[in-house]
2 protein chains.
Amino acid sequence: MTKSSRATITDVARAAGVSLSTVSRVMNGNASVDAAMAERVRLVAAELGYSANPLARSLVLGRTQTIAVVIPDLANPTFQAILRGLSRAAADDGYHVLIADSAEQVETERALAETTRRRTDGVILCAPRLPAGELAELLPTLAPVVVVNRPPQESAPTVAADYRTAMAELVAHLYGLGHRRLVFLSGVVGSASGAARRAALAEARTAHPDLEILELPSGVDFDSGAAAADAVRATGATAVLAFNDLVAMGLLSAVAARGVRVPEDLSVVGFDDIPFARYTAPPLTTAAVPAAELGRRAWDAMSALLAGDPAPASSVLTPEVVVRASTAAPPAS
Amino acid sequence: MTKSSRATITDVARAAGVSLSTVSRVMNGNASVDAAMAERVRLVAAELGYSANPLARSLVLGRTQTIAVVIPDLANPTFQAILRGLSRAAADDGYHVLIADSAEQVETERALAETTRRRTDGVILCAPRLPAGELAELLPTLAPVVVVNRPPQESAPTVAADYRTAMAELVAHLYGLGHRRLVFLSGVVGSASGAARRAALAEARTAHPDLEILELPSGVDFDSGAAAADAVRATGATAVLAFNDLVAMGLLSAVAARGVRVPEDLSVVGFDDIPFARYTAPPLTTAAVPAAELGRRAWDAMSALLAGDPAPASSVLTPEVVVRASTAAPPAS
DNA sequence: CTGTTAGCGCCTTCAT
DNA sequence: ATGAAGGCGCTAACAG
């Protein structure tokens, strides 16, 4: 009737004929222990397959060696890439990551962040649509916390891509090609990066009085891109700025089905440069958001916070425009 | 000098003038407590913003309300979908998910599974390349554990897609179109689903003596598909079975650059039906692996295990072939 | 129905 | 250098 549950520190102590504290000390390399005794303890521990219960350690140490990441949509390639970069960077430093997919439910984001926070040492928050006010008041309750893709915050370091500049460059690319009438497929309302994109558009309009930029609401996925095809054509625009690559792909596909040629009849640009953007027909011109790098940096910032270092500065990366085959000069009218 | 750390059960008990147990009881709805007293406790708890420390609960209860999932590659759309289905299903049942991306390092998979297991209540293991023997000996140390996309196991329920049957149907589709000489881009060695695919091929060869199926090694991503283009053409095959959609996409792209038309000159089928498969040029014929559903079922199995129900039967889903535009009759020779 | 007591497994002063 | 004892925050017998 041997009890086959896992060995505890008590078992090891007893088997080695020492006290709990001694075992604890040798396992953690704290203080100094007689060499022979230490060796014996290590041996016994190995024999018993002992290693400290992480839960118990977490409770007493007050840290879990785990961070939480809240993501609005695990189906979105950009968030997937952020998660990947983050997860690998954290793993390299011996940290685990708890994921919380809010499935686009903005209302639950706060609760999600707060509950996961309690089981972890900090949270990385990707909440593009959480209203700025709510975000600001949520942040202090979450510390340590780092925010992804939002403007700099008072009470948390921020890691973000510069959507505004990238959008400006996309517009410049199109303008340089000769386009004067564009449509922006604007994604869902209330997203932070959407606001940044829109700001770039406003600036472009004042900089180029001869440039017209229309705005059409859309979603953020394939279907909404496809659904926008007719509306896009109806505007008479010669180029379209899709909210992201997914929307661009949906549009590309729907528009092809209607016999319009890209880029001869219509230029299309995406946003994000997801891995698939180079495999569309035609390959998509887009702005490359370094999502995995964003994730890595988010971890770096969190890591600094956890180490008690001075709060890291907000870091921002500027996406580069990658010109592929979905853009060209407008058709001669 | 108010201590602003979080309220503990002791604080609530003191503030409400009752004992710890009473607070615990009302918070958990256990036993029965005098209505008025319960109400007072609830009020105080709310005022203090109290809710039980999950770490402490985990320690005493012996459960963490969290499961671990080990994934070989967070960059692979199929695993992303499994993770998503899993994560949402678990969340619906109030469970959290700890992710462990082994980044294709088979050697670390075991350690990863074992460490994450200790901080969680169970693990969902996706380890397509872990040798069968190692898997079998690892499983008992992990219980409760559910295995994804591997043959049925002795000591763990299994959730899998039937890669063999799907592959057979893909071959049948091509054979029916008139193809008699195929190439299989076989992915990395040692993967369980790869073995299943290969088994289907062997059967097809004996069933159709006039059918020739060559095999070309490849990786599992875009680049390896692209890299195989010349070798594929050199075989003179009229159709290719790519290991997965990623490989197919890379191939499609490389082959287009060489001026070969798909499907007129060459038919191409993928595997998995990732979301992008319908947006390739041409849209990809492939076998639709219901990855998110796989994730959901993995959770269902885990949930049963956690509840102490009899071990759930292994469940298998058969992917459906979805015919799009990348396949057609072979060119008239 | 309520309060007291004993742990869950571990780390860490505090003595020795 | 080592051991004893207290406590992390909570739940679950056990009395009353």
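Chain letters run A, B, ... following the sequence lines, proteins first and then strands; every chain starts at 1. All values below were derived from every heavy atom in this structure, side-chain atoms included, with hydrogens, water molecules and symmetry-related copies excluded.
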Contacts table for residues 80-87 of chain A: side-chain donor-acceptor under 3.5 angstrom, sequence neighbours left out:
residue: A:Gln80; atom: OE1; partner: B:Gln80; partner atom: NE2; Å: 3.3
residue: A:Gln80; atom: NE2; partner: A:Leu74; partner atom: O; Å: 2.8
residue: A:Gln80; atom: NE2; partner: B:Gln80; partner atom: OE1; Å: 3.3

Close approaches to DNA chain D from residues 54-62 of chain A, in residue order (heavy atom, under 4.0 Å):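 Residues of residues 54-62 of chain A that come under 4.0 Å of DNA chain D are, in numerical order, A:Leu59, A:Val60.
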In chain order, what residues pass the side chain to side chain donor-acceptor pair (under 3.5 Å) check against [X], with sequence neighbours excluded?
X: A:Arg119; result: B:His96
X: B:Ser24; result: B:Asn28
X: A:Arg88; result: B:Asp73, B:Asp101
X: A:Thr78; result: A:Asp272

Between A:Leu142 and A:Leu125, which heavy-atom pair has the shortest distance, and what is it?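 Where A:Leu142 meets A:Leu125 most closely, the heavy atoms are CD2-CD2, 4.4 Å.
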Take atom [atom1] of [X] and atom [atom2] of [N], then tell me their distance rounded to the nearest Å.
X: B:Arg6; N: D:dC8; atom1: CZ; atom2: P; result: 17 Å
X: B:Tyr50; N: D:dG9; atom1: OH; atom2: P; result: 10 Å
X: B:Arg119; N: C:dC10; atom1: CZ; atom2: P; result: 13 Å
X: A:Gln65; N: C:dC10; atom1: CD; atom2: C1'; result: 15 Å
X: B:Ile9; N: D:dG7; atom1: CD1; atom2: P; result: 17 Å
X: B:Arg118; N: C:dC10; atom1: CZ; atom2: P; result: 7 Å
X: B:Arg14; N: C:dG3; atom1: CZ; atom2: P; result: 15 Å

List in chain and number order the residues that pass ring pair (Phe, Tyr, Trp, His ring centres under 6.0 Å) with A:Tyr95, two or more places apart in sequence or in another chain; answer none if no residue qualifies. A:Trp299
Please list residues of residues 19-30 of chain A whose heavy atoms come under 4.0 Å from any atom in DNA chain C, ordered by number; otherwise none. A:Ser21, A:Ser24, A:Arg25, A:Asn28, A:Asn30
Short of 4.0 Å, heavy atom to strand atom, which residues of residues 32-46 of chain B count as contacting DNA chain C? B:Ser32, B:Val33, B:Asp34, B:Met37
Kindly state each residue pair satisfying side-chain hydrogen bond (donor to acceptor under 3.5 Å, both in side chains) with at least one member in residues 37-53 of chain A, sequence neighbours excluded. A:Ser51-B:Arg118
Any salt bridge (charged side-chain N to carboxylate O under 4.0 Å, His left out) pairs touching residues 13-34 of chain B, not counting sequence neighbours? B:Asp11-B:Arg14
Residues 130-141 of chain B side chain polar contacts: donor-acceptor under 3.5 Å, at least two apart:
residue: B:Thr141; atom: OG1; partner: B:Glu114; partner atom: OE2; Å: 3.4
residue: B:Thr141; atom: OG1; partner: B:Leu138; partner atom: O; Å: 2.7

Charged N to carboxylate O below 4.0 Å: is that the case for A:Glu104 and A:Arg129? yes
